[in-house]
Amino acid sequence: MNLSAAEEEPTQEIHIPADIDWEMLDKSKFFFLGAALFSGVSATLYPVVLVKTRQQVAQAQLSGIRTAFSIVKHEGFRALYRGFGTSLMGTIPARALYMAALEVTKSNVGSATVKLGVPEPSAAAIANAVAGLSAAMSAQLVWTPIDVVSQRLMVQGSHPSCSSPCRYVNGIDAFRKIINTDGPKGLYRGFGISILTYAPSNAVWWASYSVAQRFVWGGIGCYFRKKDDEGNENGSSNNNTIRPDSKTVMAVQGVSAAMAGGVSSLITMPLDTIKTRLQVLDGEENGRRGPTIGQTVRNLVKEGGWLACYRGLGPRCASMSMSATTMITTYEFLKRLSAKNQESLM
């Protein structure tokens, strides 16, 4: 997303390093480095995701901190990474598919909207929203089966409140038992609602991220303009153009990502809770069919009213904000590392 034109003011312009589109990337370097970097991000955030998942399927509501302490107390610290190996195996291909769909769509839609005469700020927001939508839908083909298996492992614990009716030795064992019980469709339980959760969530996130960046850069521009008005110590040439360094650019990207993550998590939280319940609470014990979306919603409301749909909001909001911040800064750093021509980025 090119923000340089979007941030112009009557007296000042913020000069931001050029955006790197799909054609400028060394694809092999992009995917190889991306797998390594995002594996590290996933490892860092996995315990928060596990705590959020436990909260969503528990009948009694506990805070995120109490849930985490309870897991460590009863099951040990390693329990916070239960199912991580399975999740990581699926994250690498899913993330590669996500990044490819995101960049190709963003580049094509961005060019098309600009050609249609749409102003660049609006074109950037539209391109980001459509790219996020298509990337999420593509990646769910891989992510949903991995989610089903890893979440079964996440909620499987020695503590009675979070035990699964079926015991799994590891991810392969869980995969085999799900196939034997429900067939291949069992791996795609909740696929429809996953699309309804992640596709709008990604569209909202990327569009919000684009708008948030313009908002933050606008605030920075006002700050510098006010500073220049108070005392014109530098030459007039410095009054017209602000050239932020790489640290400032990264900080703005991180703050914008956190803002977008908070908005997105709040809007899509009920769908995420329903999706998690559908994928985990399947009645395997007696070979029964899993609950429908309607039954899941009714059970949630019966357990804690409509607020039960927001169980795990704290960990999810924290997870999405931290994930968004680390993801976008890592992603932008990855794109710069993977650019074919490093000199053109200056």
Side-chain angles (χ1 to χ4, degrees), residues 1-27 30 97-139 195-196 198-225 239-244 248-250 252-257 259-261 263-264 267-268 324 327-329 331-332 334-336 338-341 343-346:
M1 157 178 58
N2 189 345
L3 297 175
S4 59
E7 307 307 328
E8 293 180 1
E9 297 289 346
T11 58
Q12 283 189 314
E13 176 184 343
I14 299 180
H15 177 80
I16 299 170
D19 190 30
I20 303 167
D21 62 27
W22 181 247
E23 299 302 322
M24 297 168 65
L25 293 171
D26 179 332
K27 310 301 187 297
F30 180 66
L97 186 60
Y98 183 95
M99 291 189 297
L102 179 74
E103 288 300 324
V104 171
T105 306
K106 186 162 60 170
S107 179
N108 291 332
V109 173
S111 300
T113 50
V114 170
K115 287 178 181 177
L116 290 173
V118 178
E120 189 176 348
S122 300
I126 293 169
N128 275 276
V130 176
L133 190 71
S134 66
M137 293 179 70
S138 301
I195 293 292
L196 289 175
Y198 291 120
S201 174
N202 272 263
V204 169
W205 189 91
W206 282 103
S208 299
Y209 174 64
S210 177
V211 172
Q213 278 206 85
R214 290 199 298 275
F215 175 78
V216 175
W217 281 122
I220 292 174
C222 289
Y223 169 76
F224 278 107
R225 194 160 55 250
N239 291 335
N240 297 325
T241 304
I242 300 170
R243 295 181 179 273
T248 303
V249 173
M250 186 175 291
V252 170
Q253 290 169 345
V255 170
S256 302
M259 291 167 63
V263 171
S264 181
I267 292 173
T268 59
M327 184 273 288
I328 203 64
T329 51
Y331 188 62
E332 296 291 353
L334 169 65
K335 286 170 68 175
R336 295 194 174 278
S338 307
K340 295 175 183 176
N341 185 3
E343 293 180 3
S344 65
L345 305 180
M346 304 304 292

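Just so you know, residue 1 is the first one in the sequence shown, and it goes up from there. What's counted below: heavy atoms across the whole structure, side chains too, no hydrogens, waters or symmetry copies. The structure displayed is predicted, hence computed values, not measured ones.
Contact check for Glu332 versus Val249: no side-chain heavy atoms found under the 4.5 Å cut-off. Counting heavy atoms from C-beta on, the side chains of Thr248 and Trp217 come closer than 4.5 Å. Annotation: side chain of Val204 is not in contact with side chain of Thr268 (no heavy-atom distance under 4.5 Å). Val211 is listed as a side-chain neighbour of Arg214, based on a closest heavy-atom distance under 4.5 Å. Counting heavy atoms from C-beta on, the side chains of Phe215 and Val252 never come closer than 4.5 Å. Residues Gln253 and Tyr331 fail the side-chain proximity criterion, which asks for heavy atoms closer than 4.5 Å.
In this structure, Gln213 CD and Asn128 CG are separated by 8.5 Å, a value rounded to the nearest 0.5 Å. Going from atom CD1 of Ile328 over to atom CG of Leu334 covers 11.0 Å, rounded to the nearest 0.5 Å. Separation of atoms CG (Leu196) and OG (Ser201) is listed at 12.0 Å; rounding is to 0.5 Å.
Nearest heavy-atom pair, Ser134 versus Ala101, reported as atom, atom and distance to 0.1 Å: OG-O, 3.9 Å. Closest approach of Ala199 and Ala136 over heavy atoms only: CA-CB, 3.8 Å. When all heavy atoms of Lys106 and Ala127 are compared, the pair lying nearest together is O-CB, 3.8 Å. Across all non-hydrogen atoms, the minimal contact from Val216 to Ser256 is CG2-OG, 3.8 Å. Among all heavy-atom pairs drawn from Gly261 and Trp205, the shortest one is N-NE1, 3.2 Å. Across every non-hydrogen atom of Ala131 and Leu102, the tightest pair is CB-O, 3.5 Å.
No donor-acceptor distance shorter than 3.5 angstrom exists from the side chain of Ser107 to the backbone of Glu103, with no hydrogens or angles considered. Thr113 places a side-chain N or O within donor-acceptor distance of the main-chain N or O of Gly110, the cut-off being under 3.5 Å. No donor-acceptor pair under 3.5 Å is formed between the side chain of Ser338 and the backbone N or O of Lys335.
Trp206 and Tyr209 have perpendicular rings, their planes meeting at more than 60° on a 0 to 90° scale where under 30° would count as parallel.
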